[in-house]
Amino acid sequence: MKIKINRPFDLHVHLRDGKMLERMVKHTSAHFGHALVMPNTTKPILTAEDAQEYKREICRIAALENLPHFTPLMTIKLVASTTPEIVRQASKAGVIAGKLYPEGVTTNSADGVSNFESLYPVFEAMQECDMVLCLHGEVPGVFVLDREAAFLKTLIDISRAFPNLRIVLEHVTTEEAVETVRLLPYNVSATITVHHLFTTLDDVIGGMLRPHLFCKPVAKTEGDRKALIGAAIGDSMRFFLGTDSAPHLVGKKECSSGCAGVFTAPVAMACLAEIFEQYGALERLQGFTSTFGRVFYRLPPGPGTLELVKEPWVVPAEYDGVVPFRAGETLPWKVL
Ligand code: NCD
Ligand code: ZN
């Protein structure tokens, strides 16, 4: 059995910088035609110039890997010092989104935001420039399982204050977040990762500790997972793929203070085919991976298609020093 879909978009990925970037570009560009690249690199992407330089570097690596058709979609990180002028210049330079991390919420977010209202002039400029606001929707300091729910009021406040600002609640993990997004106007949508469709907190810490499943936001309950599956395979265009593939070297995961992030890039499409098939929804895979996010971001289609075949393969134990999601497991679907 084979399926062919329009080339997918990954609307949330961490490609990192330095040596890691050189290793990671191919894992995303092999399957995805476009990817929204997160700005939480060690030296953050804060301005038009940063984003342009980062984009050039990604494209240079993709060309070396013989994957020149890959288009990185650029973001800037919104921090306390971001100004409306920075937003306008970034937009002119082709940056399509600004990413807001609450202070200290996840990897490389010590420079994140603690006072959202102080950024309202920045949101105003984003609304004017038609730049998308991407939100890491968790409140740091709150009990870890309640952090996403605690953020929803902020999402509602921002979406009411800026009715024409397109907002993405990133990597939703709870039924409550899914329901909240459904009730908000059409300028608000959400990304769903691959790993959150497969795992609950039980998989992370319920038996042996599995550090390679540890990410922010942490996976929640079985009820939450089912709500995410419902949203992904459903017909609402508000929910689309953002893998949040977040590579960390094995030593940074298997240690006493392990980094948050699950590396899914090489297995994301195969895993999605598996779960969409399980739920009798293979015909909806293309919407979730290739259409809905693209339409929300107002991007052109393509390039070309991606074919998957039902043919078992074993996920390698490691890719370039990073342990992937489902390492060592046999997956039923394979990207051709
Ligand atoms: C991401 C990373 O490692 O950059 N980690 C994660 O757990 N998802 C950052 C993020 O998106 O939170
Ligand atoms: Zn992320």
Side-chain angles (χ1 to χ4, degrees), residues 9-29 32-65 67-116 118-136 162 165-168 170 242 244-247 261 297-300:
F9 286 65
D10 183 353
L11 290 163
H12 181 140
V13 72
H14 301 270
L15 295 180
R16 310 302 191 202
D17 45 13
K19 282 219 158 52
M20 194 66 142
L21 175 65
E22 283 178 20
R23 300 171 185 178
M24 288 303 134
V25 169
K26 61 178 176 295
H27 297 301
T28 289
S29 58
F32 297 93
H34 295 73
L36 189 71
V37 186
M38 292 297 122
N40 67 330
T41 39
T42 26
K43 184 178 166 286
I45 308 303
L46 298 174
T47 63
E49 293 74 47
D50 294 344
Q52 280 172 319
E53 191 187 327
Y54 192 29
K55 182 173 183 172
R56 272 196 298 275
E57 184 61 4
I58 297 167
C59 291
R60 183 187 69 78
I61 296 165
L64 286 178
E65 300 285 354
L67 294 157
H69 301 299
F70 176 64
T71 306
L73 306 164
M74 304 316 290
T75 63
I76 53 167
K77 194 183 206 181
L78 306 177
V79 295
S81 57
T82 308
T83 61
E85 190 49 30
I86 288 176
V87 164
R88 282 190 280 272
Q89 289 192 2
S91 174
K92 265 194 219 137
V95 169
I96 66 168
K99 175 73 184 276
L100 188 155
Y101 295 93
E103 184 184 350
V105 79
T106 188
T107 306
N108 296 341
S109 62
D111 56 354
V113 174
S114 49
N115 177 355
F116 301 113
S118 69
L119 276 186
Y120 273 26
V122 166
F123 298 161
E124 186 76 50
M126 291 173 77
Q127 182 170 254
E128 274 164 27
C129 300
D130 224 0
M131 196 189 273
V132 173
L133 172 63
C134 300
L135 296 171
H136 183 114
F162 302 95
L165 176 64
R166 282 174 295 149
I167 302 172
V168 180
E170 299 291 337
D244 191 20
S245 179
Y297 272 93
R298 301 184 188 146
L299 297 164

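These numbers were taken from a predicted model, which means no experiment stands behind them.
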Engineer: Measuring only between side-chain heavy atoms, which start at C-beta, is L135 closer than 4.5 Å to I167?
Structural biologist: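 Of all side-chain heavy-atom pairs linking I167 with L135, at least one is under 4.5 Å.
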Engineer: Answer yes if the ring centres of F123 and F116 are under 6.0 angstrom apart, and no otherwise.
Structural biologist: no
Engineer: H34 and L73: which non-hydrogen atoms are nearest, and at how many Å?
Structural biologist: CB-CD1, 3.8 Å
Engineer: Check for a donor-acceptor pair, side chain of R166 on one end and backbone N or O of M131 on the other, with a separation under 3.5 Å.
Structural biologist: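 Here the side-chain-to-backbone pair does not exist.
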Engineer: Indicate every side-chain donor-acceptor pair of residues 91-99 with a distance under 3.5 Å to a residue at least two apart or in another chain.
Structural biologist:
| unit_1 | atom_1 | unit_2 | atom_2 | d |
| --- | --- | --- | --- | --- |
| K99 | NZ | Y101 | OH | 3.2 |

Engineer: Are L36 and M38 side-chain neighbours, meaning at least one heavy-atom pair lies under 4.5 Å?
Structural biologist: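 Yes, close enough: below the 4.5 Å cut-off.
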Engineer: Search all heavy atoms of L15 against all heavy atoms of M24 and return the closest pair with its distance.
Structural biologist: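 Closest pair (atom of L15, atom of M24, distance): O-CB, 3.9 Å.
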Engineer: State, yes or no, whether a side-chain contact exists between F9 and Y297 at a heavy-atom distance under 4.5 Å.
Structural biologist: no
Engineer: Between N40 and N108 (side chain of the first, backbone of the second, donor and acceptor by atom type, cut-off under 3.5 Å), is there such a pair?
Structural biologist: no
Engineer: Checking T82 now: which residues fulfil side chain to side chain contact (heavy atoms under 4.5 Å, CB included) with it, not counting sequence neighbours?
Structural biologist: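 Counting only residues at least two positions away or on another chain, T82 forms a side chain to side chain contact (heavy atoms under 4.5 Å, CB included) with L78, V79, I86, V87, V122.
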Engineer: When you measure from the side chain of T75 to the backbone of V37, do you find a donor-acceptor pair of N or O atoms at a distance under 3.5 Å?
Structural biologist: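 Judged by distance alone, yes, a pair lies under 3.5 Å.
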Engineer: Is the shortest side-chain heavy-atom distance between H136 and S109 below 4.5 Å?
Structural biologist: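 A side-chain contact under 4.5 Å is absent here.
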Engineer: Would you mind listing every salt bridge (charged side-chain N to carboxylate O under 4.0 Å, His left out) that reaches into residues 100-113, with sequence neighbours excluded?
Structural biologist: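 Pairs touching residues 100-113 that pass the test: K77-D111.
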